[in-house]
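Here is the structure we will look at.
Quick note: numbers below take in every heavy atom, side chains included, and nothing from hydrogens, waters or symmetry partners. Residue numbers start from 1 in every chain, and the chains themselves are labelled A, B, ... in the order their sequence lines are given, proteins ahead of strands. Please read these numbers as outputs of a predicted model, since none were measured by experiment.
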Amino acid sequence: MKLPESFYQQTNVVKVARQLLGKGLYTRIDGEVTGGIIVETEAYSWKERGSHAYGPQGAKRTPRNAIMFDKGGHTYVYLIYGMHYLFNVVTNRPDVADAVLIRAIEPLEGVEIMKARRGKLTNPFHLTSGPGKLTKALGIDRKWNGKSLLDNEVWIEDFGRKTPSKNIEASPRIGIDYAGEDAKLPWRFTLKGNRWVSK
DNA sequence: TCGGCGATTCGCT
DNA sequence: GCGAATCGCCGAA
């Protein structure tokens, strides 16, 4: 069952980041479905320096991050290092710019298609074990920014199982040293022991 | 308008 | 383990 709009409109983005572990992220392109189990997420709130929507005088809206100010249930996709697309789930109410970065998935459906999109790989665990890797495997690029997760192009499945807290590990977020003290927030969540978690 | 740099990945050493 | 790749964003001027 597809996650409903109410899930994305929850007001605690850290809680949503935890709840997304174990859910299924899918895309459908030309009728071909690819997807996998979310095994690594990071929460980003406009209130802290790690977020693209952070501003010293309050939330900062720019052309790039505008979609984060929309209501929860949209995608936020942007280009980083001039070559990788990163996929986020926009959460919370309109004008509250929170989002969850999906950092890794465990391949589940359309594996051969994902392999073809990724090109030559020596290690099978490298297929979707990073934020830039999974977008390439799922066929996500900048055109996907702002899509609704309630449609049939990109969506998140609830398999009806709750992930026990003991299987979730919290740690500081990756690659945001510029965020100062906020870089220490334990807002990265992983499924303990999963082989597709990024290194 | 200009210049520095990033929520990363991959290949080579 | 290190550095190149590669470009759009964003703050400063």
Side-chain angles (χ1 to χ4, degrees), chain A residues 8 13-14 16-18 20-21 25 36 38-70 72 74-92 96-107 114-147 149 154 156 169-191 195-199:
Chain A
Y8 301 108
V13 67
V14 176
V16 174
R18 293 178 65 101
L20 281 172
L21 291 176
L25 173 62
I38 297 171
V39 301
E40 178 176 352
T41 62
E42 285 179 359
Y44 287 88
S45 160
W46 64 272
K47 294 178 184 174
E48 45 82 21
R49 290 171 168 75
S51 171
H52 288 165
Y54 172 81
Q57 331 295 343
K60 178 191 65 181
R61 190 191 297 249
T62 68
R64 180 177 63 167
N65 73 17
I67 192 64
M68 290 178 72
F69 291 78
D70 216 324
H74 289 87
T75 63
Y76 171 41
V77 178
Y78 70 94
L79 180 68
I80 190 67
Y81 297 113
M83 60 185 75
H84 302 295
Y85 293 98
L86 269 55
F87 177 86
N88 295 253
V89 174
V90 174
T91 73
N92 218 316
V96 186
D98 291 348
V100 176
L101 170 68
I102 308 299
R103 287 192 56 90
I105 64 174
E106 176 179 335
M114 292 196 283
K115 281 182 182 169
R117 288 182 185 140
R118 287 277 286 131
K120 198 178 176 107
L121 285 180
T122 48
N123 184 336
F125 292 107
H126 291 176
L127 184 61
T128 54
S129 57
K133 297 175 188 175
L134 74 89
T135 52
K136 189 165 186 194
L138 293 174
I140 293 170
D141 62 25
R142 91 177 278 99
K143 294 195 302 288
W144 294 67
N145 185 47
K147 288 190 187 295
L149 289 163
V154 53
I156 299 178
E169 195 149 28
S171 56
R173 294 169 295 175
I174 305 291
I176 55 163
D177 293 343
Y178 58 83
E181 284 295 304
D182 292 332
K184 298 174 182 169
L185 292 169
W187 284 7
R188 172 181 181 236
F189 301 101
T190 60
L191 281 187
R195 303 283 314 264
W196 279 271
V197 168
S198 72
K199 313 251 182 346

For [Y], is there any backbone N or O sitting under 3.5 Å from a side-chain donor or acceptor partner on [X]?
{"X": "A:Arg118", "Y": "A:His126", "value": "yes"}
{"X": "A:Asn65", "Y": "A:Lys60", "value": "yes"}
{"X": "A:Thr128", "Y": "A:Ile105", "value": "yes"}
{"X": "A:Arg173", "Y": "A:Asp182", "value": "yes"}
{"X": "A:Ser51", "Y": "A:Glu48", "value": "no"}

Take atom [atom1] of [X] and atom [atom2] of [N], then tell me their distance rounded to the nearest Å.
{"X": "A:Ile174", "N": "B:dG6", "atom1": "CD1", "atom2": "P", "answer": "15 Å"}
{"X": "A:Lys199", "N": "B:dC10", "atom1": "NZ", "atom2": "P", "answer": "13 Å"}
{"X": "A:His126", "N": "B:dG11", "atom1": "NE2", "atom2": "P", "answer": "11 Å"}
{"X": "A:Tyr76", "N": "C:dC9", "atom1": "OH", "atom2": "P", "answer": "9 Å"}
{"X": "A:Asn88", "N": "B:dT8", "atom1": "CG", "atom2": "P", "answer": "11 Å"}
{"X": "A:Asn145", "N": "B:dA7", "atom1": "CG", "atom2": "P", "answer": "15 Å"}
{"X": "A:Phe189", "N": "B:dA7", "atom1": "CZ", "atom2": "C1'", "answer": "15 Å"}
{"X": "A:Leu127", "N": "B:dC10", "atom1": "CG", "atom2": "P", "answer": "10 Å"}

Touch class at under 4.0 angstrom, heavy-atom based, for A:Leu101 against every strand present: base
Touch class at under 4.0 angstrom, heavy-atom based, for A:Arg64 against every strand present: sugar-phosphate
For residues [X] and [Y], determine if any side-chain heavy atom of one lies less than 4.5 Å from a side-chain heavy atom of the other.
{"X": "A:Arg49", "Y": "A:Tyr178", "result": "no"}
{"X": "A:Thr75", "Y": "A:Phe87", "result": "yes"}
{"X": "A:Asn145", "Y": "A:Tyr76", "result": "yes"}
{"X": "A:Arg103", "Y": "A:Pro131", "result": "yes"}
{"X": "A:Val197", "Y": "A:Arg188", "result": "yes"}

Verdict with reasoning, A:Leu25 to A:Val154, per side-chain contact (heavy atoms from CB on, under 4.5 Å): CA-CA 8 Å; A:Leu25 173 62; A:Val154 53; 4.1 Å; yes
Distance below 4.0 Å between A:Arg118 side-chain N/O and B:dT9 OP1 or OP2: no
What nitrogen or oxygen pairs link the protein and nucleotides 4-8 of chain C at under 3.5 Å?
from, atom 1, to, atom 2, distance (Å)
C:dT6, O2, A:Tyr81, O, 2.4

Among C:dC10, B:dC10, B:dA7, the nucleotide that comes nearest once only the side chain of A:Lys133 is considered: B:dC10
Inter-nucleotide P distance (C:dT6, B:dC2), Å rounded: 23 Å
Nucleic acid contacts of residues 43-62 of chain A, taken as heavy-atom distances under 4.0 Å to DNA chain B: A:Tyr44, A:Gly50, A:His52
Consecutive Watson-Crick or G-U pairs in runs of at least 3, all under 3.5 Å, in which DNA chain B is involved: B:1-6 with C:7-12, B:8-12 with C:1-5
Candidates A:Leu101, A:Val13, A:Ile102, A:Asp98 - the one meeting side-chain contact (heavy atoms from CB on, under 4.5 Å) with A:Val89: A:Ile102
